[in-house]
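Labels below follow one simple rule: chain letters A, B, ... track the order of the sequence lines, proteins then strands, and each chain is numbered from 1.
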Protein chains: 2
Amino acid sequence: MPYVMVQIPKTPAPSPPAPRSVPTSADVARLAGVSRATVSYVLNNTSAVRISEPTRRRVHEAAKELGYVPHAAARSLRAGHSRMVLMPAPSIPVGPLYSRFINELQWALSRLDYTVVQYGTVGLHGDEAARAWAELRPVAVLVPGSGLGPQGVAVLKRSGARAVVTLGPKSVEGAHALLMNHEKVGHCAGAHLYARGRRRIGVVVPEESGLEFFSLPRLEGVRRALRGTDATVTELPLAYEEEAAARLAARWRALGLDAVFAYNDEYAMLLMRALQDQGVAVPEDTAVIGADDLMLGRLLRPRLSTVHIELPSGRDLAELVDRTVHNPAAAPETHKVLGATVVHRDSS
Amino acid sequence: MPYVMVQIPKTPAPSPPAPRSVPTSADVARLAGVSRATVSYVLNNTSAVRISEPTRRRVHEAAKELGYVPHAAARSLRAGHSRMVLMPAPSIPVGPLYSRFINELQWALSRLDYTVVQYGTVGLHGDEAARAWAELRPVAVLVPGSGLGPQGVAVLKRSGARAVVTLGPKSVEGAHALLMNHEKVGHCAGAHLYARGRRRIGVVVPEESGLEFFSLPRLEGVRRALRGTDATVTELPLAYEEEAAARLAARWRALGLDAVFAYNDEYAMLLMRALQDQGVAVPEDTAVIGADDLMLGRLLRPRLSTVHIELPSGRDLAELVDRTVHNPAAAPETHKVLGATVVHRDSS
DNA sequence: TTGAAAGCGATACCAG
DNA sequence: CTGGTATCGCTTTCAA
């Protein structure tokens, strides 16, 4: 253990209770003086069978005394299915927007009696990851981002997943898709800047890896918005560091841009500060617009214009999952679920 | 589906391949013309047994052809244990600091061949949640926050968890503890402000629920730092909204404070902006200090002083878990793992 | 109302 | 070298 960790002396623990092994339903049955079947009936409240009240009590008491906890694997093995909904855990720090969405989703799914599990997928790519997920035999799989191919979908379905839903830029053969087309975000921003009379438009693209799936479509959206006009689009790679922003700002006048769309509000804040430190006036010399409509944009001066993004509600996605689980044969649906609207404030 | 969702017509899918049921190792065996045992030996590279090369090939081909994926539940049922490390999924939007920590941890654990699973725990409280986790028979459980009692720890251990580690303000009987004492954060901030000559000190406490386990200790830390001095501490409840901050700022002069510790950098930014809009000079009239050392603090003007927090490295925690799994009988260790140091910039 | 027993899928022992 | 077979913990007929 390294420097940060400082061991604290403990009073020697009282001799721990004999580490008997994990209690099973058979143990409960034995203690209650009944059969395993009866234990199962009682603990699952099986309605098809009536168990006498004294027996029920004995079973419950025995279970409590032993600290019995049913074995999920054994149960789902026997049942032939589970109610586990699996999502890969995001491997990049994720904004408050997406966090809220995930929470809502978990809540909605647990209302429908599903168990949501985020699987720590690291270093597993594409279909390799799909195999790992499939080993858990989830009833449904939700996959944000791209990276799952038709192969992966097939693997999951063959392993019993009744619903596979992707949340990403494009739909995947065989899976339901919630299309989150981030081009729309860039398109909004580009159109807005153009309408405000700007013609030489920069687009900040984060250098941090893992963000390409958002940043490139956003860039492309700006390009699309300005295609066929007299405006130009300049790609501006930028790392999320003060020095990088300062360097970019230092050559700002040379770039001759009159507006910039900054990927999101955080990059916008970073760049805007660097520009102001360089004496570039916002919005007079250069208009700035971000995205994601974070709180911090409202706190900047000038207040930051931004693109507000509307994600699907967790409840709706939960319902889609539930519907598909009940009717897996239905043709995969594709929904466009990303709403983007400009919030015009003072920086543009 | 609601307004945001727009169904997109699809070309009718080509007749889906016959939905044969999930292939098992028996199917692979049949197709390869060998026994299930042989399949198991081949697919697991069992070294204790030599299988002829042609047989191996036939098995592998059969497995691939069927798209065979082993059934994790069956495997761990048979094996009597799994390599699943379970964590409850955070139910509140979590900052970049903690996200990074989780990712590092997942990476380190997967290097050690564990599978990290974040369990969506919603509406399950304390020991009730522990039972739900125990059903999955994880080999280790990591629990951030308080909320797990000695009972819960006992349940988990009885169900076979070989390591239970809590990350929170206080240690729990029977479990390893990574003490993250947020009092230290407040203490740092309080001592710093006092040393800068401030005596009437406000402490912003978020009104958002779920943050108490961080905010209250931070408040208490400030109190502790100033106990026995001539300084006063004033608790300032604040919701994370512009209006709330404006209201607080409006009565600022009446409060007569000359410094404020703002829970974290985001609340600091919120309040600092509101103060400046009210004509309160920072740091002249009021010193401001935040916590978490986020990027945004460096971008504010004046640059925000903050408390830098050092979390344990994911690698260290992973090693603790692995050590404990190999030797569960060892007495629970308690480590202090939260480092806090003031980063003095211009706002204080 | 309760009990005996089959079987879910994978593995590891013991024969052949 | 390979094939039966018992086993893990639980649910669910079928009998008693």
Side-chain angles (χ1 to χ4, degrees), chain A residues 20-59 62-63 66-83 131 134-139 158-160, chain B residues 20-59 62-63 66-84 134-139 158-160:
Chain A
R20 41 165 192 261
S21 69
V22 190
T24 71
S25 74
D27 296 320
V28 176
R30 210 163 9 248
L31 181 58
V34 300
S35 75
R36 303 195 343 269
T38 306
V39 171
S40 178
Y41 292 143
V42 171
L43 296 184
N44 295 308
N45 268 317
T46 307
S47 52
V49 168
R50 308 224 69 81
I51 304 284
S52 68
E53 201 48 48
T55 304
R56 308 182 76 86
R57 245 207 340 275
R58 286 217 312 286
V59 169
L66 292 176
Y68 170 71
V69 175
H71 193 308
R75 176 183 305 200
S76 68
L77 180 58
R78 172 62 225 236
H81 59 87
S82 75
R83 293 191 64 81
R131 301 184 78 84
E135 293 193 0
L136 296 187
R137 298 290 192 273
V139 69
R158 253 204 312 273
S159 327
Chain B
R20 43 168 189 256
S21 70
V22 190
T24 73
S25 75
D27 296 321
V28 177
R30 211 166 5 249
L31 182 58
V34 299
S35 75
R36 305 202 326 280
T38 306
V39 171
S40 177
Y41 293 141
V42 171
L43 296 184
N44 295 307
N45 268 319
T46 307
S47 53
V49 167
R50 308 223 70 81
I51 303 284
S52 70
E53 200 48 49
T55 304
R56 306 183 77 87
R57 243 205 342 273
R58 284 216 315 284
V59 170
L66 293 177
Y68 169 71
V69 175
H71 193 306
R75 175 181 300 186
S76 67
L77 179 59
R78 173 60 226 239
H81 60 88
S82 74
R83 293 192 62 83
M84 180 194 301
E135 293 194 0
L136 296 187
R137 298 291 191 271
V139 68
R158 252 204 312 273
S159 336

Between P of C:dG9 and CZ of A:Arg137, the distance in whole Å: 9 Å
Nearest-neighbour nucleotide for the B:Ile51 side chain, D:dT2, D:dT5, C:dG9 considered: D:dT2
Nearest-nucleotide pick for A:Arg78, side chain only, options being D:dA6, D:dC10, C:dT2: D:dC10
On the nucleotide D:dC8, are OP1 or OP2 found under 4.0 Å from the side-chain N or O atoms that A:Thr24 carries? no
To the nearest angstrom, how far is B:Arg58 atom CZ from D:dT2 atom C1'? 11 Å
Heavy-atom nearest nucleotide on DNA chain D for B:Arg50 versus B:Ala79: which residue maps closer to 5'? B:Arg50
A:Val49 side-chain proximity, nearest of C:dT2, C:dA10, D:dG9: C:dT2
Of the non-hydrogen atoms in A:Thr38 and A:Ile51, which two are nearest, and what is the gap between them? CG2-CD1, 4.1 Å
Provide, to the nearest angstrom, the distance between the NE2 atom belonging to B:His81 and the P atom belonging to C:dT11. 11 Å
Mind checking if A:Ser40 touches a base, just sugar-phosphate, or nothing, with heavy atoms under 4.0 Å? base
Distance-only donor-acceptor test, A:Tyr68 side-chain atoms vs D:dC10 base atoms, 3.5 Å: no
Among D:dG3, D:dT7, C:dG3, the one nearest A:Ala37 by side-chain distance: C:dG3
Looking at B:Ser35, I'd like to know whether one of its side-chain N or O atoms comes within less than 4.0 Å of OP1 or OP2 on D:dG3. yes
Can you check the A:Glu53 CD to C:dT2 P distance for me, whole Å? 11 Å
Below 4.0 angstrom from OP1 or OP2 of D:dT2, is there any side-chain N or O of B:Ser52? yes
May I have the distance from A:Leu43 (atom CG) to D:dC10 (atom P), rounded to whole angstrom? 10 Å
CG of A:Asn44 versus C1' of D:dT12: gap in Å, rounded? 11 Å
Starting at OH of A:Tyr41 and ending at C1' of C:dA5, how long is that distance when rounded to a whole Å? 12 Å
Determine: side-chain N/O of A:Thr38 to OP1/OP2 of C:dG3, distance under 4.0 Å, yes or no. yes
CE/B:Met84 to CG/A:Leu136 distance, rounded to the nearest 0.5 angstrom? 6.0 Å
Looking for any heavy atom pair under 4.0 Å, which part of the strands does A:Thr55 touch: base, sugar-phosphate only, or nothing? sugar-phosphate
Could you tell me whether the side chain of A:Arg56 reaches within less than 4.5 Å of the side chain of A:Glu53, counting heavy atoms only? yes
Using whole Å, what does the distance between atom P of nucleotide C:dG7 and atom NE2 of B:His71 come to? 18 Å
Over all atoms of both residues, closest heavy-atom pair of A:Ala73 and B:Ser76: CB-OG, 4.2 Å
How would you label the contact of B:Val39 with the nucleic acid (heavy atoms, under 4.0 Å): base, sugar-phosphate, or nothing? nothing
Closest non-hydrogen atoms of A:Val22 and A:Asp27, given as atom of the first, atom of the second and distance, are O-OD2, 4.0 Å
Do the side chain of A:Arg58 and the main chain of A:Ala32 share a donor and acceptor less than 3.5 angstrom apart? yes
Looking at D:dT11, does its base get a donor-acceptor pair with the side chain of A:Arg75 below 3.5 Å? no
